[in-house]
Amino acid sequence: MRRYDVDWLRVLALGLLIIYHISVVFQPWAYFIYFVQSEKPVESIWLAMGLINIWRIPLLFIISGMGVSFAMRRRNWKELLKDRTRRILLPLIFGSLFIVPVHGYLYQSFMGLDHIYFPNPGHLWFLSNIFIYVLVLCPVFFYLKRNPDNILLRLFKRVLKFPATLYLVTIPFIFEAALLVTPEQRFEAYANTPHGFWLGLLAFFTGFFFISIGNAFWQAVGKIKGLAFGVAIPLFLVRMIFFQLGGPFYLIVIESWSWLFAVFGFGATYLNHPSKKLTYLSKAVYPVYILHMIFLYLASDLVLTRPVHVDQVHTIKVIEPDSPAAEAGLLPGDHLITKFEDWKPRIPLEINVNRKEDSMKISITPDEKGNIGADFTPIPFFMPKYTQSDITTFFAFLQFILINVMTFGGCFIGYEMVKRIKWLRPMFGIKPISVRK
């Protein structure tokens with residue numbers, strides 16, 4: 001039986017992802033993750049993003065696991081792998097070669113950097129994770145399909161007579177966060193991290209498992225949606241007021257799953273019905289996700305002011321003992337605002353250094369080879385600098401709204417163009433046009 005609420009939640013989750021990426025542009029740290037950055041931050045936007053940040057990516061992984069469960073109902077393992085290769089791996093390869101480099105080019109233009117072709121997954125990292133999960137978990141999934149009356153499913157169906165026992169699923173996620181989220185890392189650092197990979201794997205399996213449970217899951221989540229929402233709100237307020245949107249990982253996991261249970265519960269109650277709008281959006285959302293960074297950067301370039309100057313920021317990984325860097329008091333993790341070509345052997349220079357929340361100037365003298373005895377991350381950050389501006393927060397918020405409208409508008413125009421080009425459809429995960437005989 002088709003779950004229209006799951007389709008709606010997939011559309012809403014990917015829509016929130018795009019709004020999240022646009023919000024990053026208006027944060028003072030956007031350059032740290034290679035986003036274009038506005039001259040006027042609107043940090044208040046981040047309160048809303050902070051609310052969704054701990055559950056938006058887990059929601060997508062859960063829904064992806066649910067999607068595999070639906071797909072397996074009419075496919076064997078060979079057909080499933082063939083379908084996932086076409087739907088996930090092909091768009092990932094195409095996007096890494098042709099989509100991500102385009103918005104990389106737009107980023108370089110906005111920042112005034114030299115243009116280079118740099119194929120990489122970029123925002124499509126999510127697809128690579130999903131494809132790996134399918135390959136790894138395929139034997140487990142088909143075992144569960146062949147043995148629907150296995151002890152694990154029977155046990156969970158029995159305990160779900162008490163719907164609050166759904167919170168048992170938080171236990172492996174609490175252990176994962178405790179083991180894999182490092183002290184200097186935030187819980188929501190999902191992209192290209194061990195934490196993001198293993199959390200995604202757990203969430204992907206959990207989504208499959210929920211569908212395998214069947215109506216017992218939907219009935220349970222429908223009954224506890226109010227309770228879950230009542231737990232999520234105070235935990236968010238505690239995280240915001242006392243921990244600046246951080247906090248103990250066990251509380252974050254419980255809050256995250258409370259939002260997820262509330263989302264699935266209210267979705268099952270109010271969204272599980274077909275509509276023409278859903279039919280269109282469920283087909284469009286995947287290509288829109290693939291395209292959105294191009295249109296985000298195009299809109300940003302049209303709406304925002306380009307920086308007048310860009311500083312290179314190099315991050316120290318390791319410092320050699322008794323080196324000029326050690327003698328100058330530099331530490332691993334320091335961000336140095338400098339250009340290596342300015343370093344001359346035995347000639348002192350002053351370097352601006354950012355260390356967590358502090359900024360300072362450090363004088364250092366490179367050795368006879370022009371080195372300071374430190375290893376750096378391979379790719380620097382690029383910090384934009386603007387002339388002093390009288391732009392108001394209100395005007396910057398209007399820019400935020402305009403970029404949202406232009407990004408979504410451009411994406412849907414792009415989708416309408418792509419779906420009409422037969423050979424291009426598979427590159428964006430769109431099914432081939434079926435010809436009726």
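- Checked options Phe264, Tyr167, Tyr250, Phe173; the residue passing with Trp257 is Phe173 (criterion: ring-ring contact (aromatic ring centres under 6.0 Å, His included)).
- With values rounded to the nearest 0.5 angstrom, Lys276 atom NZ is found 14.0 Å from Leu281 atom CG.
- Annotation: Phe32 is in aromatic contact with His335 [ring centroid separation under 6.0 Å].
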Given Phe205 and Val136, is the side chain to side chain contact (heavy atoms under 4.5 Å, CB included) satisfied, shown in steps?
CA-CA 11 Å; Phe205 176 80; Val136 170; over 6 Å; no

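- Each of Tyr289, Trp423, Phe94 was evaluated against Phe428; a single residue qualifies, Phe94, per the ring-ring contact (aromatic ring centres under 6.0 Å, His included) test.
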Decide side chain to side chain donor-acceptor pair (under 3.5 Å) for His115 and Ser109; before the verdict, give the C-alpha distance in whole Å, the side-chain angles of both, and the deciding distance to 0.1 Å.
CA-CA 7 Å; His115 292 112; Ser109 296; 2.8 Å; yes

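- Salt bridge annotation for Asp301-Arg306: present, with a cationic side-chain nitrogen under 4.0 angstrom from a carboxylate oxygen.
- Ring orientation note: the planes of Phe187 and Tyr190 are nearly perpendicular, at an angle over 60° on the 30°/60° scale.
- Of the options Glu39, Lys40, Gln399, a side chain to side chain donor-acceptor pair (under 3.5 Å) to Thr305 is made by Glu39 and by none of the others.
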Step-by-step side chain to side chain contact (heavy atoms under 4.5 Å, CB included) determination, Leu331 to Ile316
CA-CA 7 Å; Leu331 300 174; Ile316 295 178; over 6 Å; no

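- Between the CD1 atom in Ile19 and the CG atom in Leu14 there is a gap of 11.5 Å [rounded to 0.5 Å].
- Ring pair Phe208/Phe61: centre-to-centre distance not below 6.0 Å.
- In the displayed structure, Phe395 atom CZ is contacted under 6.0 Å by at most 12 heavy atoms of other residues, nucleotides or ligands.
- Here the closest heavy-atom approach between residue Tyr415 and residue Leu291 is recorded as N-CD1, 4.0 Å.
- How far CG of Leu296 is from CG of Asn404: 8.0 Å, rounded to the nearest 0.5 Å.
- For Lys223 against Pro163, the heavy-atom pair with the smallest separation is CD-CG, 3.8 Å.
- Between Phe397 and Phe26, the distance separating the two ring centers is not shorter than 6.0 angstrom.
- The two residues Ile213 and Ala216 come nearest to each other via the heavy atoms CG2-CB, 3.6 Å.
- Of all the heavy atoms in Leu336 and Ile372, the pair that sits closest is CD2-CD1, 4.3 Å.
- When all heavy atoms of Pro121 and Leu92 are compared, the closest pair comes out as CB-CD1, 4.3 Å.
- No more than 12 heavy-atom neighbours from other residues, nucleotides or ligands sit within 6.0 angstrom of CZ on Arg2.
- Atom CG of residue Leu81 and atom CZ of residue Arg86 lie 13.0 Å apart, to the nearest 0.5 angstrom.
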Chi angles and distances behind the side chain to side chain contact (heavy atoms under 4.5 Å, CB included) call for Phe236, Ile241
CA-CA 8 Å; Phe236 168 68; Ile241 296 169; over 6 Å; no

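- With salt bridges taken as basic N to acidic carboxylate O contacts below 4.0 Å, none links Arg10 and Asp7.
- The heavy-atom pair separating Tyr286 from Arg87 by the smallest distance is OH-O, 2.7 Å.
- With rounding to the nearest 0.5 Å, the separation of NZ in Lys385 from OG1 in Thr387 is 12.5 Å.
- Aromatic rings from Phe110 and Tyr107 are positioned such that their centres are separated by 6.0 Å or more.
- For Phe204 and Trp198, the distance between ring centers is not under 6.0 angstrom.
- Remark: Met360 CE is packed, more than 12 non-hydrogen atoms of other residues, nucleotides or ligands lying under 6.0 Å away.
- For the 3.5 Å distance criterion, the side chains of His292 and Thr407 fail to qualify, holding no donor opposite an acceptor.
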Decide yes or no on ring-ring contact (aromatic ring centres under 6.0 Å, His included) for Phe217 and Phe209, but give the supporting numbers first.
CA-CA 9 Å; Phe217 166 72; Phe209 189 70; 9.5 Å; no

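- Asn129 and Tyr133 are linked by a side-chain donor-acceptor pair at a separation below 3.5 angstrom, with hydrogens and angles left out of the test.
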Trp8 and Lys277: CA distance, side-chain angles, deciding distance, side chain to side chain contact (heavy atoms under 4.5 Å, CB included) verdict
CA-CA 10 Å; Trp8 268 120; Lys277 187 180 296 184; 4.1 Å; yes

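- For Phe381 and Tyr34, the gap between ring centers is short of 6.0 Å.
- Taking a 6.0 Å sphere around OH of Tyr270, one finds it holds 12 or fewer heavy atoms contributed by other residues, nucleotides or ligands.
- Annotation: the span from Arg420 atom CZ to Ile430 atom CD1 amounts to 10.5 Å, rounded to 0.5 Å.
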